[in-house]
There are 2 protein chains.
Amino acid sequence: MPRIQPTRFVFQPVQLVRPCEIVAFRISEAVRAGDVRVGERLPSEQNLSEQLGVSRPTLREAIKLLAQAGIVRVLPGSSGGIFVTSEAIPPELCGLPLPELPMQDIAGVMEARRLIEPHVARLAAAYATPADFESMRDAVRLSEQTDLRYRKRRITEEGVQLMTIASTRFNIAVARATQNSVLVQMMEILVRRMEPVRMLAVRELPDVTLSTRTLASSLAAIESGDPELIDRATTERIGLLEAAWERATGQRLRRRPVLQRLAGADPALAASVAAPRRKPAVRKRA
Amino acid sequence: MPRIQPTRFVFQPVQLVRPCEIVAFRISEAVRAGDVRVGERLPSEQNLSEQLGVSRPTLREAIKLLAQAGIVRVLPGSSGGIFVTSEAIPPELCGLPLPELPMQDIAGVMEARRLIEPHVARLAAAYATPADFESMRDAVRLSEQTDLRYRKRRITEEGVQLMTIASTRFNIAVARATQNSVLVQMMEILVRRMEPVRMLAVRELPDVTLSTRTLASSLAAIESGDPELIDRATTERIGLLEAAWERATGQRLRRRPVLQRLAGADPALAASVAAPRRKPAVRKRA
DNA sequence: TAAAATTTGTACGTATGTATC
DNA sequence: CGATACATACGTACAAATTTT
């Protein structure tokens, strides 16, 4: 009897993450997003463990990870607690349960960002609350303050991290402004995977203030509410990263034919936005 | 002295999933996506456990879950193995580790879909391989065959599930055709969260064939490569779900004022303008 | 000065799930 | 396929530290 051949489907290995790692990640995320600031005290271990639905030992394990990474410091006693000490989260140590993505796959992240981020920004402009705008401004301020410190001297590792955090925080704030939790979730995925390129971009930027300026102009665009301005600013910001990626890898990104028309029936704008690289085979329109 | 007030930040509870649940979920995902078909045999336990990076007992536990859900059947002996018996995966039993989303939040899922799916479909049209097109056609065929069986009589629970699977499979196939793993990941998130509405829509559809027809026209649009056709077909398909949601909840979805000028950013106005199910603005072809 | 309150730190027993044989 | 051994997480309880009363 001929042997039935099994399907040759390949599964990706599952990565099992421990609860304490998830918890550490969640807290670091709150720090990154600016929900808790440096110097502030987190709720008590008791409270946190209840909020997060884990036992206190597990939470303590998570805090230990964060303390080792230098993000929090714990002090005993009645006026003690868990204090945030730094916003510069080392990307490899903060317990990120995501598999590190090779540079090649990051191209896909940027493509996805280019697809959705302009729309998210438009939605944000439509639905942002005053608090949302304040969060965005906060992120821009962080970026400004940081590159003010490195205008003269060479940027340090901490500076790179802070600039990266500012960008990330801005993106999250914009996504939150849509009042759509699914979009927030997606932006979190994108933003996290984008981190390596972001740091690379900040590090090798010809002008340190460039990142801050694009951030500020994105903010201004969203505040103005003008869709085309929003598209342009957002696209420009993404272009910065794409250029960094292309310089770093020596490869070219595929530019999709999609955005051409997205920008709003303005061929001139779309053309200026989409770099005149290889145009993917666009089917002839009948 | 005033006690230092802790930050009153609220964390969402972490959901911990067991490895065997993750594995069961992954395999069911492969079945859903059509990577393994009914009647086919999965690789051996040994092979699977190696691929997935878990121990054999863990994998067996996962298989047990799937067997209970009626998705696979395990036969002993030399010509035995793990055989796929059904593509109709009960949404609550197949061990999906996602928190069930309230109907309200699903509105956000649909908004996100409306934002990205047309673009994904366009990318798919540009980059799809023949194999990708074959996957899409397969999904449409499944939908056709299913509603052929329920043309006369009332649709059964299994029929609803099969139609839902077909829709899901089509979406995944389209996302895969972009050759962008990040977009695939996002579509998987969306599609999974959409499931409840999808089943609801299929169940209460005035005409059983309607779902299949929109699927087919989406496919045709992507095959044609015409961006505007793609937009129209995709939007129509999403509109079907949105209508189902609105009927089920008695509420109205917010329609993004993004397409029209939003200088005022007055949501009430925008909603009132967009409320009547507006046909997607069809641009005149030059 | 001392006690009380709050918060972190430590330890143990149990249960569950996984890995190895 | 079953059984044993190991790791992990939970819940609880109590001790230590520090500030407030």
Side-chain angles (χ1 to χ4, degrees), chain A residues 11-27 31 36 39-85 95 97, chain B residues 1-27 41-68 72-83 94-97 99:
Chain A
F11 288 93
Q12 298 294 328
V14 300
Q15 48 181 359
L16 37 95
V17 285
R18 293 169 35 179
C20 64
E21 286 174 332
I22 301 178
V23 169
F25 177 74
R26 289 283 267 279
I27 295 176
V31 175
V36 285
E40 283 187 347
R41 186 174 71 166
L42 291 171
S44 71
E45 293 183 352
Q46 181 73 35
N47 190 329
L48 273 179
S49 65
E50 282 167 10
Q51 278 187 43
L52 288 157
V54 297
S55 67
R56 202 159 81 93
T58 302
L59 180 104
R60 285 180 57 77
E61 201 62 34
I63 297 298
K64 195 188 291 180
L65 289 176
L66 292 174
Q68 281 171 357
I71 296 161
V72 300
R73 221 178 113 183
V74 292
L75 296 176
S78 158
S79 73
I82 307 162
F83 294 88
V84 179
T85 54
Chain B
M1 256 308 96
R3 190 172 302 287
I4 302 172
Q5 83 290 355
T7 58
R8 57 263 164 260
F9 187 73
V10 263
F11 288 93
Q12 299 294 327
V14 300
Q15 49 183 356
L16 38 93
V17 286
R18 295 164 35 183
C20 63
E21 286 174 333
I22 301 178
V23 170
F25 177 75
R26 288 284 266 280
I27 295 176
R41 186 173 72 165
L42 290 172
S44 69
E45 292 184 356
Q46 181 72 35
N47 190 330
L48 273 179
S49 65
E50 281 169 11
Q51 277 186 45
L52 289 157
V54 297
S55 70
R56 232 181 99 215
T58 303
L59 181 104
R60 287 180 56 79
E61 199 62 34
I63 297 298
K64 196 188 291 178
L65 288 176
L66 293 173
Q68 281 170 358
V72 300
R73 223 178 113 182
V74 185
L75 295 178
S78 110
S79 72
I82 308 164
F83 293 88
C94 74
L96 62 168

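In what follows, chains carry the letters A, B, and so on, assigned in the order in which the sequence lines appear, proteins first and then strands, with residues in each chain numbered from 1.
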Q. Between C:dG17, D:dC1, C:dT8, which nucleotide gets closest to the side-chain atoms of B:P19?
A. C:dG17
Q | Of B:E45 and A:R18, the one whose closest DNA chain D nucleotide lies more 5' | A | B:E45
Q) Taking atom CG of B:L59 and atom CD of B:E50, what is their separation to the nearest 0.5 Å? A) 11.0 Å
Q. Nearest of C:dT7, D:dC1, D:dA13 to any side-chain atom of A:S44?
A. C:dT7
Q. Roughly how far, to the nearest 0.5 Å, is the CG atom of B:L66 from the CD atom of B:E61?
A. 11.0 Å
**Q.** From A:L52 atom CG to A:N47 atom CG, the distance as rounded to the nearest 0.5 Å
**A.** 9.5 Å
(Q) Can you tell me which nucleotide in C:dA19, D:dT12, C:dT8 comes closest to the side chain of A:P76? (A) C:dT8
Q | For atom CG of A:L48 and atom P of C:dT6, their distance in whole Å | A | 17 Å
Q.
What is the separation between atom CD on B:E61 and atom C1' on D:dC1, rounded to the nearest whole Å?
A. 13 Å
Q: Measure the distance from CG on A:L75 to P on C:dT7 and round it to the nearest whole Å.
A: 14 Å
Q. Looking across every strand, which nucleic acid part, if any, lies under 4.0 Å from B:R60 by heavy atom: base, sugar-phosphate, or nothing?
A. sugar-phosphate
Q: Compare the minimum distances between each of C:dT10, D:dT18, C:dA19 and the side chain of A:S79, then state the nucleotide with the smallest one.
A: D:dT18
Q. Given atom CD1 of A:I82 and atom P of C:dT6, what is their separation to the nearest angstrom?
A. 17 Å
Q: Find the distance B:Q46:CD to C:dT20:P and express it as a whole number of Å.
A: 12 Å
Q. Does B:S55 have a side-chain nitrogen or oxygen under 4.0 Å from the phosphate oxygens OP1 or OP2 of C:dA19?
A. yes
Q: Flag yes if more than 12 heavy atoms outside A:R26 fall under 6.0 Å of its CZ atom; otherwise flag no.
A: yes
Q) So which one's nearest nucleotide on DNA chain D is more toward 5', A:C20 or B:R56? A) B:R56
Q) How do A:P57 and A:G77 order along DNA chain C: which one's closest nucleotide is nearer the 5' end? A) A:G77
Q: In whole angstrom, give the distance that lies between atom CG of A:L42 and atom P of C:dT8.
A: 10 Å
Q.
Rounded to whole Å, please give me the gap between CD1 in B:I22 and P in C:dG17.
A. 14 Å
Q: Indicate yes or no: at least one non-hydrogen side-chain atom of A:R60 is less than 4.5 angstrom from one of A:K64.
A: no
Q: Can you tell me the distance, in whole Å, between the CG atom of A:L59 and the C1' atom of D:dA9?
A: 13 Å
